[in-house]
Amino acid sequence: MSFTAPLRLCVAVSGLFLAAIGPDVIAQPVAPAALRPTLTNVEFLEQFAATNRFRLGQPTAITITPDASAVLFLRAENGRSFKQDLWMFDIASKQERLLLTADQLLGGQEENLSPEELARRERMRMSSRGISSYQVSDDGKQLLVPLSGNLFITDFISAFKDEPKTLQLTTLGGSIDPQLSPSGGMVAYVRGGELLVQETNEYPAPDGRTETLVSPQASGNVTYGEAEFVA
């Protein structure tokens with residue numbers, strides 16, 4: 001049997017089927033109601049979307065301080081806010097309280113995320129605003145907070161006393177993925193596809209460039225310090 005024989009058989013069967021059901025049935029459109037089923041539990045679906053799957057307001061990024069005196073965590077102010085701040089649970093008093101806010105670090109200015117930071121958060125499936133991450137030095141004395149493309153170092157004791165002493169390490173924006181050294185004396189970060197380091201106890205110069213470039217300079221499609229977006 002040739003290849004075309006089964007094909008002719010299929011065409012013939014299809015023709016008999018179409019003739020049997022009639023042209024009226026073929027031409028009749030599908031009812032729109034069948035394509036748009038009635039939604040139920042609309043209130044639940046709205047809450048599910050507005051609360052980011054009921055996860056907003058829950059503690060995240062939970063960290064125990066090196067001396068085990070407190071537990072740090074990030075949390076939004078309510079179950080419908082994407083803006084997170086840094087909170088602390090004091091083990092001795094068994095009380096929680098707000099430790100550091102994004103507004104305190106930015107001085108009331110609006111948060112501005114660079115395209116690189118937006119891409120990084122997309123890769124990590126992060127939708128939060130405000131303080132999205134932080135690090136604690138091994139001695140528990142310093143907090144590193146990346147925010148709005150810049151890096152901030154805050155003295156933990158001063159923040160505990162509601163008088164946070166904060167040093168802004170970078171001012172040019174676009175600084176992402178910072179990593180604090182174990183001693184807390186240095187911080188490495190990526191900006192413009194290049195890997196840089198800076199001491200945490202030195203105020204930046206007026207142009208913000210007190211950092212040291214430790215990777216080759218980025219050129220063309222070659223960057224350093226972070227994986228390519230697709231990777």
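Predicted model, so just to flag it, every value in this text is computed and none were measured.
- For the atom pair L144 CG and T154 OG1, the distance stands at 9.0 Å (nearest 0.5 Å).
- Of all heavy-atom pairs spanning S183 and D139, the tightest one is O-OD2, 4.2 Å.
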Under the salt bridge (Lys or Arg N to Asp or Glu O under 4.0 Å) rule, what do E226 and R191 come out as? Steps first, then yes or no, please. CA-CA 10 Å; E226 191 175 41; R191 186 176 65 232; over 6 Å; no
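- The nearest pair of heavy atoms linking I131 to A102 is CD1-N, 4.0 Å.
- Between Y134 and T63 the shortest side-chain heavy-atom distance falls below 4.5 Å.
- Interatomic distance, D85 CG to L105 CG, rounded to the nearest 0.5 Å: 9.0 Å.
- A donor and an acceptor atom, one from each side chain of D103 and T101, are nowhere located under 3.5 Å apart.
- A 6.0 Å sphere centred on CG of L98 holds more than 12 heavy atoms belonging to other residues, nucleotides or ligands.
- F156 pairs in a side-chain contact (heavy atoms from CB on, under 4.5 Å) with only one of the listed residues (Q142, M88, K141), which is M88.
- Considering every non-hydrogen atom in both P146 and L151, the closest pair reads CB-CD2, 3.8 Å.
- Of the inter-residue distances, the one linking Q217 atom CD with T223 atom OG1 reads 13.5 Å to the nearest 0.5 angstrom.
- Judged purely by atom type and a 3.5 angstrom limit, Q168 has no side-chain atom pairing as donor or acceptor with the backbone of F152.
- Of the possible polar contacts, one joining the S215 side chain to the L195 backbone as a donor-acceptor pair under 3.5 Å is found.
- Heavy-atom contacts from other residues, nucleotides or ligands closer than 6.0 Å to CG of N221 number 12 or fewer.
- P178 approaches V187 most closely through the heavy-atom pair CB-CG2, 4.1 Å.
- Summarising the geometry, atom NZ belonging to K94 is positioned 9.5 Å from atom CG belonging to D90; distances are rounded to the nearest 0.5 Å.
- The CD atom of Q104 sits 10.5 Å away from the CG atom of L106 when rounded to the nearest 0.5 Å.
- Proximity of P59 to W87: side-chain heavy atoms (C-beta onward) are nowhere separated by under 4.5 Å.
- Side chains of I153 and T166 form no contact here, defined as non-hydrogen atoms less than 4.5 Å apart.
- Between G192 and A218 the shortest heavy-atom distance is O-CB, 3.6 Å.
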Does the pair T212 and L196 meet the rule for a side chain to side chain contact (heavy atoms under 4.5 Å, CB included), with working shown? CA-CA 5 Å; T212 300; L196 306 107; over 6 Å; no
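- Side-chain contact annotation: N150 with T170, donor-acceptor N/O pair under 3.5 Å present.
- Scanning all heavy atoms of the two residues, the minimum distance from A188 to V197 falls at CB-CG1, 3.8 Å.
- Put simply, the side chain of D155 does not reach to within 4.5 Å of the side chain of P164, judged on heavy atoms.
- In this structure, the side chains of L99 and L72 come closer than 4.5 Å at one or more pairs of heavy atoms.
- Side-chain atoms of Y189 and E211 form a donor-acceptor pair, as typed in the model, at a separation below 3.5 Å.
- Each of V71 and V136 belongs to its own hydrophobic cluster when Ile, Leu, Val, Met, Phe, Trp and Tyr are linked at side-chain heavy-atom distances under 4.5 angstrom.
- We find the CD1-CG distance between I62 and L74 to be 9.5 Å, quoted to the nearest 0.5 Å.
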